[in-house]
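Below is a structure I'd like to ask you about.
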Amino acid sequence: MDVKDIDTPALVVDLDAMERNLAGMARFARERGLRLRPHAKMHKSAEIARLQIAAGAVGVCVQKTAEAETLAAGGVDDILVTNEVVAPLKLARLATLAQQLAGRGGRLGVAVDSAHGVAALAAAMAGVAASIDVYVEIDVGHGRCGAAPGEAALALARQVGAHAPLHLAGLQAYHGRAQHQRTPAERAASIAAAAQAAAHTRDLIEAAGFGPLCITGAGSGTFTLEAASGVWHELQVGSYLFMDADYAANEADPQAPVFEHALFVKAQVISRQADRAICDAGHKSHAIDTGLPRVAWPEGLAFANGGDEHGVLRAAQPGVRLPAIGDTVWLIPGHCDPTVNLHDELLGVRGGLHAGRVERRIRVDARGALT
Ligand SMILES: Cc1ncc(COP(=O)(O)O)c(C=O)c1O
């Protein structure tokens, strides 16, 4: 199918751009001797996870037990749940999955940040003929999950070490808030503090006889800093593959490879008034939690919220011609992860958005996998 025949609204991946992003991050990690474990909560697709692994990733991250199950069913063997799981029912599912993955030479990991969580995980893993990698999560400035760095994390490490099926694999140190700090200087200050906290915690735990620990973390806004710190061993970057308008608003880091927008919503103008054109993509087509989409094409248009099913396009500067009824509009979503979760499939286009062809349909396998 030609791109021009894609019905709208549709979520489209520019495969050429995505592959350049994929290769750029793989090269960055390889050249620095770092493990790359991309975050698959962004694309939720087993096919894309397998591409990342084929390009050198050790495995992938997910945020949810159901995402882990879905990707494992799609052939991904090495998965880290970068989140706290405390419900006994979910932990029983993780224990089953750990056994399944171990049976085919893979591994499952999970984050913990409480004595409650470690005890519940140990109870679920008792009697299971496999181990699970446990990463003590420390709060390095994000202010979400994570035990305090230092003694609190050491106490958790000791508790993990007391249960044979739990393998203390390392620390999770992810500074989510730093990813969208707009200037490189702000991001550098945040990651310098995070590095200090992670290194101090690692030293305490290793001095107590555990380890060596793998420090895992980093996102697409700061990974050059974690990489340069010498503290992190593994990068959990997710958004680099598609990029979104929120990341484009960051002041660029001169050390980072250039990542291109690869995820677009194709929309069509369905109404035209004197001062505006209205397209058929609203916030059922793209997430708006970090802001409205940017109009990639035609140039010079500003997108305003038209509700669930509409977008309102106006000239951003005087002299810009509004598109006509029936014209195509290409949007760059504000936030890629929740946008992908709104769609059943991604249409992979080869040869560019204007003259290319749909090469394949990529299922969003873990769409709605929230448990
Ligand atoms: C724990 C964790 N690691 C890594 C990432 C990847 O971040 P990004 O998509 O900004 O690269 C996220 C994203 O929210 C995350 O929550």
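Note that ligands are numbered from 1 as they come in the structure, with each ligand's atoms numbered from 1 the same way.
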Enumerated ligand 1 atoms positioned under 4.0 Å from heavy atoms of T82: 1 (C)
Any chance you could lay out the side-chain contact (heavy atoms from CB on, under 4.5 Å) test for D280 and I270, step after step, and finish with the verdict? CA-CA 6 Å; D280 58 356; I270 56 169; 4.0 Å; yes
Of all the atoms in ligand 1, which lie at a distance below 4.0 Å from a heavy atom belonging to H39? 2 (C), 3 (N), 4 (C), 5 (C), 12 (C), 15 (C)
Element-labelled atoms of ligand 1 that are located less than 4.0 Å from some non-hydrogen atom of V237: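 Counting from 1, the qualifying ligand atoms are 11 (O).
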Is the cationic atom of R32 (NZ for Lys, CZ for Arg) positioned less than 6.0 Å from the six-membered ring centroid of F28 and within 45 degrees of its normal?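 Yes - R32 lies over the ring of F28, closer than 6.0 Å to its centre and within 45° of its axis.
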Can you confirm if the aromatic rings of F303 and H286 lie within a centre distance of less than 6.0 Å? yes
Counting C-beta onward and ignoring hydrogens, is there a side-chain heavy-atom pair between R294 and H261 closer than 4.5 Å? yes
Closer than 4.0 Å to some heavy atom of G238 - which atoms of ligand 1 meet that? 6 (C), 8 (P), 9 (O), 11 (O)
Apply salt bridge (charged side-chain N to carboxylate O under 4.0 Å, His left out) to the pair R363 and E47, showing each step before the final yes or no. CA-CA 8 Å; R363 282 211 64 75; E47 182 177 335; over 6 Å; no
Decide yes or no on side-chain contact (heavy atoms from CB on, under 4.5 Å) for D139 and H142, but give the supporting numbers first. CA-CA 6 Å; D139 178 13; H142 189 24; 4.2 Å; yes
Who's the nearest protein heavy-atom neighbour of atom 9 (O) of ligand 1, and how far?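 Sorting protein heavy atoms by distance from atom 9 (O) of ligand 1 puts S239 OG, 2.6 Å first.
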Just to confirm my output: which protein heavy-atom neighbour is closest to atom 13 (C) of ligand 1, and how far is it? K41 CE, 3.1 Å
Under the salt bridge (charged side-chain N to carboxylate O under 4.0 Å, His left out) criterion, do E251 and R182 qualify, and how do the steps go? CA-CA 6 Å; E251 230 179 83; R182 293 302 181 210; over 6 Å; no
Where do N305 and H283 land on the side-chain contact (heavy atoms from CB on, under 4.5 Å) test, with the steps shown first? CA-CA 8 Å; N305 194 348; H283 50 254; 3.5 Å; yes
With a cutoff of 4.0 Å, is G217 in contact with ligand 1, counting heavy atoms of the residue only? no
Protein contact to atom 3 (N) of ligand 1 [nearest heavy atom, distance to 0.1 Å]: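 Here the closest protein heavy atom is Q236 OE1, 2.7 Å.
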For this output row, return yes or no: ring centroids of H180 and Y247 closer than 6.0 angstrom.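 Yes, ring centres under 6.0 Å apart.
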To which protein heavy atom is atom 7 (O) of ligand 1 closest, and what is the distance rounded to 0.1 Å?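 Nearest neighbour among protein heavy atoms for atom 7 (O) of ligand 1, to 0.1 Å: Y174 OH, 3.4 Å.
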Which atoms of ligand 1 have any heavy atom of G219 under 4.0 Å away?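 Matching atoms, with element in brackets: 7 (O), 11 (O).
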Element-labelled atoms of ligand 1 that are located less than 4.0 Å from some non-hydrogen atom of S220: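 Those of ligand 1 that fall under 4.0 Å from S220 are 8 (P), 10 (O), 11 (O).
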Going by heavy atoms, is M42 under 4.0 Å from ligand 1?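 Not so, M42 does not reach ligand 1.
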Heteroatom distance test (R144, ligand 1): nitrogen or oxygen, under 3.5 angstrom: yes
Should you measure from each heavy atom of A218, which atoms of ligand 1 turn up under 4.0 Å away? 4 (C)
Derivation of the side-chain contact (heavy atoms from CB on, under 4.5 Å) call for R35 and R37: CA-CA 6 Å; R35 290 155 59 91; R37 183 183 287 284; 3.5 Å; yes
Nearest-contact summary for atom 10 (O) of ligand 1 - protein heavy atom, Å: Y247 OH, 2.5 Å
Short N/O distance, under 3.5 Å, between Q63 and ligand 1?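 Looking only at distances, the answer is yes, because the N/O contact criterion of under 3.5 Å is met.
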